[in-house]
S.K.: 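I'd like to ask some things about the structure below.
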Amino acid sequence: MARSIGNIQDEIITAVQDRQELREHLTSDSKLSIWRLWVYIVAFAIWTLEKLFDLHREEVDRELELLKPHTARWYREKALAFQYGYQLIPDSDRYDNSELTDEELEASRIIKYAAVVEAISESRLIVKIATRQGDVLQPITPTQKEAFDTYVNAVKDAGVNITVINYLPDQLRLSIRIFRDPLLLDANGTHRVTGRRPVEDALQEYMKELPFNGELVIQELANKLENAEGVKIVQADRVETRWIDVDSGTYGAWEPIDVRAFPQSGYFEIENFNGISYVV
């Protein structure tokens with residue numbers, strides 16, 4: 001970025017005054033002295049050159065931006081940058097936020113979570129999104145989705161096929177045996193002193209710690225539960241999941257998870273804790 005003319009002048013004057021062989025020729029400190037006028041002329045020339053370099057760099061960056069295809073990371077950042085109810089700057093993929101407050105800007109960015117992956121069987125990008133209500137992840141509304149689809153079509157590279165996934169969370173059904181410490185937990189998994197349910201708390205913590213579109217690993221989930229107070233051994237007998245069927249718009253059939261799984265919607269939700277049993 002180009003320095004100001006004043007900064008360049010100050011640097012030149014300081015350099016001149018630090019040189020003994022030049023200092024003796026500085027016959028006046030007046031701003032109208034000949035040597036200070038020459039310093040201004042040189043500073044202005046340097047400033048002009050630096051501005052030209054900046055303009056050239058911006059033009060080159062723009063050309064490169066137009067030529068190169070964008071990465072999945074770029075599409076994710078663009079999804080998160082979507083502002084509901086605002087127009088893009090004409091012929092660009094950016095917003096003019098110069099007149100928005102920080103609160104208005106935060107409120108307009110309704111996409112709180114996003115992940116971009118490539119489809120396995122075809123040339124297509126899949127953009128998974130979700131918003132947040134309190135601590136709960138959820139889809140954006142159909143009205144918001146319409147605006148987001150228009151935005152994606154405006155900013156995407158020409159020829160790139162994109163599918164936006166804005167579904168309710170994939171559900172989890174758990175069949176888990178907890179070998180408990182009877183000194184701490186009763187037969188229902190309730191702590192005898194605090195009245196809390198440590199296993200259910202640990203499950204909720206694991207779900208919050210799981211990154212958006214992160215891989216659920218059954219062994220890691222079991223390890224999390226084994227660290228809960230009052231738990232001796234964890235046996236995950238069966239973990240199943242189901243997700244929204246595109247054609248029907250409702251949840252499909254339950255399918256077992258073998259070792260690990262990625263959520264189709266980008267995030268999981270535990271159906272309930274009915275499948276957790278406590279044994280000694």
S.K.: Do other residues, nucleotides or ligands put more than 12 heavy atoms under 6.0 Å from the CZ atom of Arg124?
M.R.: yes
S.K.: With a sphere of 6.0 Å drawn around CG of Asp135, does it hold more than 12 non-hydrogen atoms of other residues, nucleotides or ligands?
M.R.: no
S.K.: Can Gln83 and Leu100 be said to form a side-chain contact (heavy atoms from CB on, under 4.5 Å), step by step?
M.R.: CA-CA 12 Å; Gln83 293 177 228; Leu100 293 184; 3.7 Å; yes
S.K.: Any Lys/Arg nitrogen of Lys224 or Glu209 sitting under 4.0 Å from an Asp/Glu carboxylate oxygen of the other?
M.R.: yes
S.K.: Cluster question for you: counting only ILVMFWY and a side-chain heavy-atom cut-off of under 4.5 Å, with indirect links fine, are Ile12 and Leu49 together?
M.R.: no
S.K.: Supply the atom-to-atom distance Leu216 CG to Phe268 CZ, rounded to the nearest 0.5 angstrom.
M.R.: 5.0 Å
S.K.: Kindly work out whether a path of hydrophobic side-chain contacts (I/L/V/M/F/W/Y, heavy atoms less than 4.5 Å apart) joins Val127 to Tyr151.
M.R.: yes
S.K.: Are side-chain heavy atoms of Glu226 and Asn223 found at a separation under 4.5 Å?
M.R.: yes
S.K.: Mind checking whether Tyr95 and Tyr86 have ring centres under 6.0 Å apart?
M.R.: no
S.K.: Would the number of heavy atoms belonging to other residues, nucleotides or ligands and lying under 6.0 Å from CD of Gln133 be above 12?
M.R.: no
S.K.: Nearest 0.5 Å, what's the CG-CG distance between Asp10 and Asn7?
M.R.: 6.5 Å
S.K.: Within the 4.5 Å heavy-atom criterion, are Leu37 and Tyr40 side-chain neighbours or not?
M.R.: no
S.K.: Side chains of Gln264 and Ile244: closer than 4.5 Å at any heavy-atom pair?
M.R.: no
S.K.: Are the side chains of Arg180 and Val279 in contact, using a 4.5 Å heavy-atom criterion?
M.R.: no
S.K.: Could you go step by step and tell me if Glu269 and Val136 meet the side-chain contact (heavy atoms from CB on, under 4.5 Å) rule?
M.R.: CA-CA 10 Å; Glu269 174 187 68; Val136 180; 5.6 Å; no
S.K.: More than 12 heavy atoms of other residues, nucleotides or ligands under 6.0 Å from CH2 of Trp254: yes or no?
M.R.: yes
S.K.: Side-chain contact, heavy-atom cut-off 4.5 Å: Val234 with Ile178?
M.R.: yes
S.K.: How long is the gap from CD1 on Ile176 to OG on Ser277, to the nearest 0.5 Å?
M.R.: 9.0 Å
S.K.: Using side-chain heavy atoms (C-beta onward) and a distance below 4.5 Å, is Val246 in contact with Tyr167?
M.R.: yes
S.K.: For the pair Asp181 (side chain) and Leu183 (backbone), establish whether a donor and an acceptor sit closer than 3.5 Å, ignoring hydrogens and angles.
M.R.: yes
S.K.: Would you find more than 12 non-hydrogen atoms of other residues, nucleotides or ligands less than 6.0 Å from Asn153 atom CG?
M.R.: yes
S.K.: In this structure, are over 12 heavy atoms from other groups packed under 6.0 Å from Phe273 atom CZ?
M.R.: yes
S.K.: Answer yes if the side chains of Ser98 and Asp96 hold a donor-acceptor pair under 3.5 Å, and no otherwise.
M.R.: yes
S.K.: Quick check on Ile89: does its CD1 atom have over 12 non-hydrogen neighbours (other residues, nucleotides or ligands) under 6.0 Å away?
M.R.: yes
S.K.: Checking Thr143 against Thr141: is there a side-chain donor and acceptor pair closer than 3.5 Å?
M.R.: no
S.K.: Are Val160 and Ile129 linked, directly or through other ILVMFWY residues, by side chains that come within less than 4.5 angstrom of each other?
M.R.: yes
S.K.: Show your reasoning for whether salt bridge (charged side-chain N to carboxylate O under 4.0 Å, His left out) applies to Glu229 and Arg196.
M.R.: CA-CA 10 Å; Glu229 192 174 10; Arg196 298 188 62 85; over 6 Å; no
S.K.: Could you grab the distance from atom CD of Glu146 to atom CD of Gln144, nearest 0.5 Å is fine?
M.R.: 11.5 Å
S.K.: Give me the atom names and distance for the closest heavy-atom approach of Phe212 to Tyr267.
M.R.: CE1-CD2, 3.6 Å
S.K.: If two hydrophobic side chains count as joined below 4.5 Å and joins carry through other members, does Ile165 share a cluster with Val155?
M.R.: no
S.K.: Any donor-acceptor pair under 3.5 Å linking the side chain of Thr131 with the backbone of Ile140?
M.R.: no
S.K.: Parallel, tilted or perpendicular: which one describes the rings of Tyr75 and His70, with boundaries at 30° and 60°?
M.R.: perpendicular
S.K.: Of all the heavy-atom pairs spanning Val152 and Ile162, show the shortest one and how long it is.
M.R.: CG1-CD1, 3.7 Å
S.K.: Applying salt bridge (charged side-chain N to carboxylate O under 4.0 Å, His left out), run through Arg57 and Asp54 and close with a yes or a no.
M.R.: CA-CA 5 Å; Arg57 186 182 299 109; Asp54 284 346; 2.9 Å; yes
S.K.: Side chains of Asn166 and Lys145: donor-acceptor distance under 3.5 Å anywhere?
M.R.: no
S.K.: Between CD of Glu255 and OG1 of Thr241, what distance do you get to the nearest 0.5 Å?
M.R.: 8.0 Å
S.K.: Examine Arg242 relative to Tyr251 and say whether NZ or CZ is less than 6.0 Å from the centre of the six-membered ring and inside a 45° cone about the ring axis.
M.R.: yes
S.K.: Within the 4.5 Å heavy-atom criterion, are His56 and Lys51 side-chain neighbours or not?
M.R.: no
S.K.: Are Phe262 and Val164 in one and the same hydrophobic cluster, where Ile, Leu, Val, Met, Phe, Trp and Tyr link if side-chain heavy atoms are under 4.5 Å apart?
M.R.: no
S.K.: What's the separation between atom CG in Leu225 and atom CG in Leu203, rounded to the nearest 0.5 Å?
M.R.: 4.5 Å
S.K.: Indicate the atoms forming the closest heavy-atom contact of Lys128 with Pro263, along with that distance.
M.R.: NZ-O, 2.8 Å
